Peer 1: 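One structure is given below, represented as C-alpha cells, and several questions about it will come after.
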Amino acid sequence: MSPFQGYRGDGVLAGVRSRKRVFASAADDEPVTAAAPRRQKRREEPSLDALPDECLFEVLRRVRGAPARCASACVSRRWLALLAGIRASEAVLAPPAPAPAVPDLNMEYLGGEDDDDDEADLMGHDGDARERTFEGKEATDARLTAAAVAGRLAAVSVRGSHPARGVTDSGITALARGCPALRFLALWDVPQVTDAGLAEIATECHALERLDITGCPLVTDKGLIALAQGCPELKSLTIEACSGVANEGLKAIGRCCAKLQVVTIKNCAHVDDQGVSGLICSTTASLAKVRLQGLSITDASLAVIGYYGKAITDLTLARLPAVGERGFWVMANALGLQKLRCMTVASCPGLTDLALASVAKFSPSLKLVNLKKCSKVSDGCLKEFAESARALENLQVEECNKVTLMGILAFLLNCSPKFKALSLVKCIGIKDICSAPAQLPVCKSLRSLTIKDCPGFTDAILAVVGMICPQLENVNLSGLGSVTDNGFLPLIKSSESGLVNADLNGCENLTDTAVSALVKAHGCSLAHLSLEGCSKITDASLFAISESCSQLAELDLSNCMVSDYGVAVLAAAKQLKLRILSLSGCMKVTQKSVPFLGSMSSSLEGLNLQFNFIGNHNIASLEKQLWRCDILA
C-alpha cells in the first residue's frame, strides 16, 4: 500500500482513516496472546508519519479549507508544527476531486463546495475575520499556534503568559504565517517574545494597523525597525515598560509609517529627546494623538511637539520630571497646536500658572483640560485661563492643592458660554472661605458638576454652588461625608433644569429627607441615582422613589438600611422600569424579597445581591425567574 493511499487534493485525513481500517482488520485476525507480533506488524504498516518532514510538508500545504486544516492539526504535535510553518503564500489550493459515480456513504465529508461556507461560519455571520484573546495560563504557544492554523484572525491579544509554557517567538511566528491579514496585535507581559517574533510579524503581516507592546523586555530597537519596514499601514503604536526600546526604533517608525495617527510611549527608560523628536518630526501630517509618560525627555521634546504637532488633537504628558516651565511655554508659543482639543497633564512640575495660561492662549481649539497632581498650578492663572480658553467645555482638576474656592469662582465668572463640565477631585484647597466675593458668578452653561473626595467641602459651599449653577443636569458628590441635608436641599431647590444623574456615594450624613426632596423635584427626569454607603437611607426613600420617579433606570442602594418592605414597594411601582439595581451589603434584605425581585423580570437587566442574607438556594430560584438578567451574588 502506498503511503499516499486514500489521499485527496482537499484533505489528508483519508489516508489516516485507511490506516485505522488496516489496524482494525489486523487486530481481528490475530489472537489476543500475540501482542508483541501485532505491535511489530503495526510498525511495519504504511503511514504518513513515516514520511520525512519535507514530504509531509508538501502534503499538508495542499490541505484546503479551515475545517480540514483544523482536523489535520489535531492529529499530532508534529502535524500541528508543520501546519504552523506553512506561510499563506506557500499554501497550494488544489482543485476538488471529481465526485465518484457511486457516492461512498461511509466517507466522512471534509471538503467540497461548502468549504467557503464553513470558513464563513468560523469567522462569523458577517464575514469579518475573528478576534481572539489569550490570557494568563491559556496563553501558550500551542494554543496560539492552533488558532493560527485555522487562519483568518484579524485581531489577537495576548495578556500574560503561562509560567512554564508561555508564548514565545515560535507562537508569534505561527501567528504571522497563518494570519497574514492580521490588523491588530497586543502583547502584554509576554517576557519571552523577542525581536525575532516581531520580525516575522513584519515579514508576513503587511496590513498590520495597531500594535500594543507592554512589558516585553526582550523587544529592542531591532524589532521596531523591522516592523517599521514591513508594516507601512501602521496607524497606532503603544510601547510600555519595554526596557530594551530606545531611540532608533522610534525614528524608524516615524520614517516608514506615514499613516501613523496614535502614539503612546510609557515608562521606557532609554527613550529620550532624540527618539520622541524624530518620531514627531516625521509624522507631522498624520499624528493626532500623543501620550508620553515616564520618559527622560526635556524641554526640547515639548518644543518639537509645539512646532511640528500641527495635526495633534489629543495630548497627554505624565510624569515628566525633566520638563520645566520653559518647555510648556515654548510648546504653546510655537503656534503649532492649533488643532489641539484635549490636553492632560499629570505629575509634571514644569506646568506652572504661566505655562497653563500660555497653552490656553495659543490653543484656540482647546475643549478639555485635565490637570492631575500639578503642584504649581494655583488660583493665580485660573481667571486668565478662563478668559483665553474661549472654546473650553470641560475642566478636570485632581489633587491640585493650591487651587481654592476663590480661584474656581473666578474661573466660573470669566468662563466661556460653551463651558459645560467641572470636576474637582481630592483637592484639599477647596474649603470654606471667610468672606464671599463681591460678585458671585452665575454659570448657566454648566451642566455637569463633580466634587469628589474633597474633605473641606461643606454645606455652606454646596449652597453657593446651587446659586451659581442653576442648570445642572449631572451631579456627583461622592465622598463628601461632611455634607448634610442642610446643604443638599438648597442645591435641589435652586436647580432650574431637571437632574438626570445624581451620584451621592459616601454621603453618609444625607437622610431620607434629602432623597425625598430630590425625587419629588426631579423625578420626571432622574435616570441614575447612586446612594452607595448612605447609611441613613431607609425604606422611606424607596417609597418616595416609587411614587415620583418615572424615568429612573439605574438605582444603587449598596450598604443602605433598606429592607424587604422597600424592595416590595419598588417592585409594585408600575411606572418604574429599573434596568440596574444594586442591593449589595443591604443586611435587611432577605429571602422574603425573592418573589418581589422575580416580578421585575420585564425590565431588570442587572442585579447585585452580594453580601446579604438571601441565600444560594434562593439565588438559583431567582436566576430562573430573571433569566435575562445578569445576577451578581
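Numbers here simply count residues along the sequence, with the first being 1. Note that this is a predicted model, so its numbers are computed, not measured.
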Peer 1: Might you confirm whether atom NZ of K310 has over 12 heavy atoms from other residues, nucleotides or ligands at distances under 6.0 Å?
Peer 2: yes
Peer 1: Going by distance alone, is a donor N or O of one side chain under 3.5 Å from an acceptor N or O of the other, for S550 and Q575?
Peer 2: no
Peer 1: Find out whether F613 and M587 are in side-chain contact, i.e. whether some heavy atom of one side chain is under 4.5 Å from a heavy atom of the other.
Peer 2: yes
Peer 1: Strictly below 4.0 Å, N to O, side chains only: are E508 and K536 in salt-bridge contact?
Peer 2: no
Peer 1: Evaluate side chain to side chain contact (heavy atoms under 4.5 Å, CB included) for C427 paired with V403, printing each intermediate quantity in order.
Peer 2: CA-CA 7 Å; C427 295; V403 174; 5.6 Å; no
Peer 1: Taking all non-hydrogen atoms of both residues, which atom of C586 and which atom of V562 are closest, and how far apart?
Peer 2: SG-CG2, 3.8 Å
Peer 1: Determine, step by step, whether L552 and I545 satisfy the side chain to side chain contact (heavy atoms under 4.5 Å, CB included) criterion, reporting the C-alpha distance in whole Å, the side-chain angles of both residues, the deciding distance to 0.1 Å, and the verdict.
Peer 2: CA-CA 9 Å; L552 191 65; I545 289 172; 3.7 Å; yes
Peer 1: With sequence neighbours excluded, what pairs up with D485 under the side-chain hydrogen bond (donor to acceptor under 3.5 Å, both in side chains) test?
Peer 2: T511
Peer 1: Go through the steps to decide whether L604 and L581 satisfy the test side chain to side chain contact (heavy atoms under 4.5 Å, CB included), and finish with yes or no.
Peer 2: CA-CA 8 Å; L604 209 58; L581 175 63; 4.1 Å; yes
Peer 1: Classify the side-chain pair D539/S541 by whether it contains a donor and acceptor separated by less than 3.5 Å.
Peer 2: no
Peer 1: How long is the straight-line distance from CG of L412 back to SG of C469, given to the nearest 0.5 Å?
Peer 2: 6.0 Å
Peer 1: Please check: side-chain N/O of D512 versus main-chain N/O of I537, any donor-acceptor pairing under 3.5 Å?
Peer 2: no
Peer 1: Mind running salt bridge (Lys or Arg N to Asp or Glu O under 4.0 Å) on R579 and E554 for me, showing each step along the way?
Peer 2: CA-CA 6 Å; R579 292 190 299 105; E554 300 181 14; 3.6 Å; yes
Peer 1: Report yes if the distance between the aromatic ring centroids of F543 and Y565 is under 6.0 Å, otherwise no.
Peer 2: no
Peer 1: Could you tell me whether a side-chain N or O of N618 sits under 3.5 Å from a main-chain N or O of G615, the two making a donor and an acceptor?
Peer 2: no
Peer 1: Working to the nearest 0.5 Å, report the span between CG of L518 and OG1 of T513.
Peer 2: 12.5 Å
Peer 1: With distance as the sole test, does N509 use its side chain to make a donor-acceptor pair with the main-chain N or O of G481 at under 3.5 Å?
Peer 2: yes
Peer 1: Heavy atoms only: give me the nearest L531-C560 pair and the separation to one decimal.
Peer 2: O-SG, 3.1 Å
Peer 1: With rounding to the nearest 0.5 Å, note down the distance linking CE in M331 to CD1 in I305.
Peer 2: 7.0 Å
Peer 1: S494 side chain to G466 main-chain N or O, any donor-acceptor pair under 3.5 Å?
Peer 2: yes
Peer 1: For the pair T283 (side chain) and L279 (backbone), establish whether a donor and an acceptor sit closer than 3.5 Å, ignoring hydrogens and angles.
Peer 2: yes
Peer 1: Testing the basics here: between N474 and L499, what is the closest heavy-atom pair and its distance to 0.1 Å?
Peer 2: N-CD2, 4.4 Å
Peer 1: Working to the nearest 0.5 Å, report the span between CZ of R326 and OG1 of T352.
Peer 2: 13.0 Å
Peer 1: For the backbone of S378 and the side chain of D353, can you confirm whether one donor and one acceptor N or O come within less than 3.5 Å of each other?
Peer 2: yes
Peer 1: Is a donor on one side and an acceptor on the other found under 3.5 Å between the side chain of S525 and the backbone of H522?
Peer 2: yes
Peer 1: Ignoring hydrogens and angles, state whether a donor on the side chain of T298 or D273 is under 3.5 Å from an acceptor on the partner side chain.
Peer 2: yes
Peer 1: Below 4.5 Å, heavy atoms only, C-beta onward: do V397 and V425 meet side chain to side chain?
Peer 2: no
Peer 1: Under 6.0 Å from the CZ atom of R341, do we count more than 12 heavy atoms belonging to anything else shown?
Peer 2: no
Peer 1: So which heavy atom on L489 is nearest to which on A517, and how close?
Peer 2: CD2-CB, 3.5 Å
Peer 1: Determine yes or no for a side-chain-to-main-chain donor-acceptor pair under 3.5 angstrom, with S363 supplying the side chain and V359 the backbone.
Peer 2: yes
Peer 1: Hey, does V442 have a side-chain heavy atom less than 4.5 Å from the side chain of K444?
Peer 2: yes
Peer 1: Is there a donor-acceptor contact under 3.5 Å from the side chain of N608 to the main chain of Q610?
Peer 2: yes
Peer 1: For the backbone of K361 and the side chain of S388, can you confirm whether one donor and one acceptor N or O come within less than 3.5 Å of each other?
Peer 2: no
Peer 1: Check this for me, if you would: do E393 and K418 make a salt bridge, where the nitrogen-to-carboxylate-oxygen distance has to be below 4.0 angstrom?
Peer 2: no
Peer 1: Just verifying a value: how many Å separate D314 CG and K339 NZ, rounded to the nearest 0.5 Å?
Peer 2: 14.5 Å
Peer 1: Any chance the side chains of T458 and S482 put a donor and an acceptor closer than 3.5 Å?
Peer 2: no
Peer 1: Which pair of non-hydrogen atoms, one from K402 and one from S375, has the smallest distance, and what is that distance?
Peer 2: CD-O, 3.3 Å
Peer 1: In terms of relative ring orientation, are F419 and F411 parallel, tilted or perpendicular, with 30° and 60° separating the classes?
Peer 2: perpendicular
Peer 1: With a 4.5 Å cut-off on side-chain heavy atoms, are L472 and L491 touching?
Peer 2: yes
Peer 1: Do L510 and L504 come within less than 4.5 Å of each other through their side chains, counting heavy atoms only?
Peer 2: yes
Peer 1: In the structure I gave you, are the side-chain heavy atoms of L424 and F457 within less than 4.5 Å of one another anywhere?
Peer 2: no
Peer 1: Scan residues 282-311 for pairs that pass ring pair (Phe, Tyr, Trp, His ring centres under 6.0 Å), counting only residues two or more places apart or in two chains.
Peer 2: none
Peer 1: Looking only at heavy atoms, what is the nearest atom pair of R319 and N267, with distance?
Peer 2: NH2-OD1, 2.7 Å
Peer 1: Please report, to 0.1 Å, the donor-acceptor pairs under 3.5 Å made by any side chain of residues 285-296, with sequence neighbours excluded.
Peer 2:
{"residue": "S286", "atom": "OG", "partner": "A258", "partner atom": "O", "Å": "3.2"}
{"residue": "S286", "atom": "OG", "partner": "L260", "partner atom": "O", "Å": "2.6"}

Peer 1: Rounded at 0.5 Å granularity, tell me how far NZ in K376 sits from CG in L354.
Peer 2: 12.0 Å
Peer 1: Is there a side-chain contact between C348 and V323 (heavy atoms, below 4.5 Å)?
Peer 2: no
Peer 1: Kindly determine whether S347 and K373 satisfy side chain to side chain contact (heavy atoms under 4.5 Å, CB included), including the steps that lead there.
Peer 2: CA-CA 5 Å; S347 302; K373 297 183 180 180; 3.7 Å; yes
Peer 1: Please examine the side chains of L570 and F596, heavy atoms only from C-beta on, and report whether any two atoms are closer than 4.5 Å.
Peer 2: no
Peer 1: I'd like to know if the side chain of H528 pairs up with that of D503 as donor and acceptor (distance under 3.5 Å, no hydrogens or angles considered).
Peer 2: yes
Peer 1: Using the side chain to side chain contact (heavy atoms under 4.5 Å, CB included) rule, pick out the option among S558, S530, C534 that qualifies with N505.
Peer 2: S530
